[in-house]
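Working notes for the structure below.
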There are 2 protein chains.
Amino acid sequence: MSLRQYEYALAVAEEGSVTAAAELLRVAQPSVSQQIRGLERELGVQLFARTPTGLVPTVVGRAFLREAEIAVRAARRARATARAGADELVGELVVAVQMGFGTRQLPGALGALRRRFPRLEVTVFEEPSHAELERLCRRGVLNLALMAACERSPADAHHLGDEGFVVVLGAGHRLLAADRVELGDLEGEPWVRFDRDSALDAVLLKVLREHGLTPNTVARVSQTATAVRWAAQGLGVTLVPASAVPRGQEHLARPVFPVVSHPVLAVVRHGADPAESALLELLRKEPWAESAFPVPF
Amino acid sequence: MSLRQYEYALAVAEEGSVTAAAELLRVAQPSVSQQIRGLERELGVQLFARTPTGLVPTVVGRAFLREAEIAVRAARRARATARAGADELVGELVVAVQMGFGTRQLPGALGALRRRFPRLEVTVFEEPSHAELERLCRRGVLNLALMAACERSPADAHHLGDEGFVVVLGAGHRLLAADRVELGDLEGEPWVRFDRDSALDAVLLKVLREHGLTPNTVARVSQTATAVRWAAQGLGVTLVPASAVPRGQEHLARPVFPVVSHPVLAVVRHGADPAESALLELLRKEPWAESAFPVPF
DNA sequence: GAGCCGATGAGCCTTCGTCAGTACGAGTAC
DNA sequence: GTACTCGTACTGACGAAGGCTCATCGGCTC
């Protein structure tokens, strides 16, 4: 099953004769003759009827040729795509983002990327678990991972900036009276938390522990949008990245004191593609919050 | 650009490693390694990133692989189609029919063919000119041609039966009073005729000449349906195969005396495909009119 | 250091390509 | 009608290129 045989068969069908096909293909006539014969022998079917004036496709030959043309065209397209990739940025970029981080910056960067390289397609996975994200990274299926910093973050990760966190309170909550919420004031509040192994829950837990609080968990959700909605309806309070609060709900969010923010890292493979580097640069240029504390990583 | 390279690349992408791909493909590992390298060298692009645990597609590699998969699938399908053609009747049958002949029998035969061989597709050309039909036949693009007999019909043509002709008259025409029309009574009538080099016009002219009539031509059309419609509206009289008179217009048609009929031939290629033979047999089984005169061909 | 990965080089063999010559049919001149 | 030419595809022999395998090497992870 060689593509050459298919091309030769298509040329013969197109030209109606082996000689003409050979001329078109810039090879000698016996070569085409042999390939056609070999193909027919391999398939066990006569693809062409021999007439004194040339070769004509048989009934089954026509059906074969229809599929063969699809194959040859796709093969040529594959080739052209790869060749184009040598000059322009072409292909499919696979990005994973840790749920809740970079929700404002990533769309901006991807939009800019698309404007600069229209033939570059991007697929984004949202993944809450740090362990799973790391596994995908190690397996190499990702071109870029956007994740919250943690102890196990690789040394060559790029620090993009920080994600600032805000508390979301139910409508009419007493703490909405102030411009900011002191963490100590949240003692005893019911909490809308995040999935057990998610980075968002890790941040939440770490912040509360540092201030000697033990959260009273009323629900666990996987998405920030859900957490905000549930908190707004008074189920409890929650702590989410500032960029995760949707328009129209800002009046229910308050900055935290002391400021809570978390470093966001981008992990790319070692010998980075031009496409990967381009996305990394665009992510750097997006507006990020200032760091609340020196990055320990 | 070999299909083998594409298959190997797909296997590597699928398995994530050269070794595993080689095992899947039942070849030694260096073979896969060489093919991948050769492909990358030929395309001038790195399709896979080398990691300590295996190979992972690059950005452009993923785009290439998407097309490559289409190519390989189509190639396999082409192969399978041809292989199936060795057992079952599979493929595309190209049939040409001389306009106005076999209009009732051909659909019947094609329906029966489709019921028996559902994977056999049929394309029908309608062609008025005998010369053009013969040209297509000689070039071999046709699997079967259905045509009116003539002096130049090939000797190995199959006589299927005869097409009986009727005269179509305008509503209220005086000759509608009788059950049949004598040819001599048509003296001086205006005629709706057919395209100059069509078989239908040849029949018409031959019949009239044999009875010493010279037609007064008011129009030439290419399709029998048009001729019948125009005749029905009183533009003139016409002579068409009985099967060409649509339902609801039978009252305007009359048999001719002496009976006019014309042999219909099927021409197939020499070493006939099974599919061609099948269609020929089905056409034979369709109901045809009895011959009005001994077939001289 | 053991075990996995891919890359490399040598040798064998298949396959493809070319050139020459053959066979067959169609059309044409005589 | 016969012979000739021109077109077609096929066959066989030979050389070149490429694929496959084996053994081996270098790098990385655990």
Side-chain angles (χ1 to χ4, degrees), chain A residues 1-9 11-43 46-58 61 134-135 137-141 152 154-156 269-271, chain B residues 1-9 11-43 46-58 61 134-135 137-141 152 154-156 269-271:
Chain A
M1 183 177 62
S2 155
L3 256 196
R4 186 178 289 113
Q5 294 177 322
Y6 288 39
E7 290 181 298
Y8 282 20
V12 168
E14 176 86 17
E15 297 289 322
S17 96
V18 172
T19 310
E23 199 168 331
L24 182 72
L25 295 163
R26 314 263 188 177
V27 293
Q29 170 266 319
S31 186
V32 179
S33 219
Q34 284 172 11
Q35 291 295 338
I36 299 293
R37 260 187 183 294
L39 187 57
E40 290 182 329
R41 182 168 39 78
E42 185 187 333
L43 296 175
Q46 194 175 353
L47 297 177
F48 293 93
R50 273 68 175 176
T51 77
T53 61
L55 269 65
V56 178
T58 61
E134 205 165 40
R135 203 179 67 79
C137 252
R138 293 180 91 86
R139 273 189 49 203
V141 293
R152 303 196 37 167
D156 57 350
R269 271 206 292 256
H270 228 63
Chain B
M1 183 177 63
S2 155
L3 254 197
R4 185 178 290 113
Q5 294 177 321
Y6 288 39
E7 289 181 299
Y8 282 20
V12 168
E14 176 87 15
E15 296 289 321
S17 95
V18 172
T19 309
E23 201 168 328
L24 182 72
L25 296 163
R26 315 265 188 176
V27 293
Q29 168 262 319
S31 186
V32 179
S33 219
Q34 284 172 12
Q35 291 294 340
I36 299 294
R37 264 192 140 25
L39 187 58
E40 289 181 330
R41 182 167 40 77
E42 186 186 333
L43 296 174
Q46 195 175 353
L47 297 176
F48 294 93
R50 273 66 174 178
T51 76
T53 60
L55 269 65
V56 177
T58 60
E134 205 165 40
R135 204 179 65 81
C137 250
R138 294 179 91 84
R139 274 189 49 205
V141 294
R152 303 198 35 166
D156 57 348
R269 272 205 293 255
H270 227 63

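Numbered from 1 within each chain, the chains take letters A, B, ... in sequence-line order. Note that the structure is predicted; figures quoted are calculated from it, not measured.
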Could you list, one pair per line, each protein nitrogen or oxygen that sits under 3.5 Å from a nitrogen or oxygen of nucleotides 8-10 of chain D, together with the distance?
from, atom 1, to, atom 2, distance (Å)
dA9(D), OP1, Val18(A), N, 2.4
dA9(D), OP2, Thr19(A), N, 3.1
dA9(D), OP2, Thr19(A), OG1, 2.4
dC10(D), OP1, Arg37(A), NH2, 3.3
dC10(D), OP1, Arg50(A), NE, 2.8
dC10(D), OP1, Arg50(A), NH2, 3.2
dC10(D), OP2, Ser33(A), OG, 2.5
dC10(D), N4, Gln29(A), OE1, 3.0

### Task
Applying side-chain hydrogen bond (donor to acceptor under 3.5 Å, both in side chains), run through Thr53(A) and Thr51(A) and close with a yes or a no.
CA-CA 5 Å; Thr53(A) 61; Thr51(A) 77; 3.3 Å; yes
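- Within 6.0 Å of CD in Glu23(B) there are 12 or fewer heavy atoms belonging to other residues, nucleotides or ligands.
- Other residues, nucleotides and ligands contribute more than 12 heavy atoms inside 6.0 Å of the CD atom of Glu42(A).
- Scanning both residues, Ala9(B) and Leu39(B), for their nearest heavy atoms gives CB-CD2, 4.1 Å.
- Following rounding to the nearest Å, Arg4(A) (CZ) and dC16(C) (C1') show an atom-to-atom distance of 7 Å.
- Pairs of residues two or more places apart, or lying in two chains, that qualify as side chain to side chain donor-acceptor pair (under 3.5 Å) and include a residue from residues 29-41 of chain B are Glu40(B)-Arg50(B).
- Glu23(B) places its CD atom 17 Å from the C1' atom of dC20(D), with the value rounded to the nearest Å.
- Spacing between atom CG of Leu3(A) and atom C1' of dG18(D) amounts to 16 Å, rounded to whole angstrom units.
- Between Glu42(B) atom CD and dA17(D) atom P there is a gap of 16 Å when expressed in whole angstrom units.
- The CD atom of Gln5(B) sits 10.0 Å away from the CG atom of Leu47(B) when rounded to the nearest 0.5 Å.
- The distance from atom CD of Glu15(B) to atom P of dC5(C) is 11 Å, rounded to the nearest whole Å.
- Residue Phe48(A) is classed as having no contact, given no heavy-atom separation below 4.0 Å to the nucleic acid.
- Going from atom CG of Leu39(B) over to atom P of dA7(C) covers 13 Å, rounded to whole Å.
- Rounding to whole angstrom units, CD of residue Gln35(B) and C1' of dG6(C) are separated by 15 Å.
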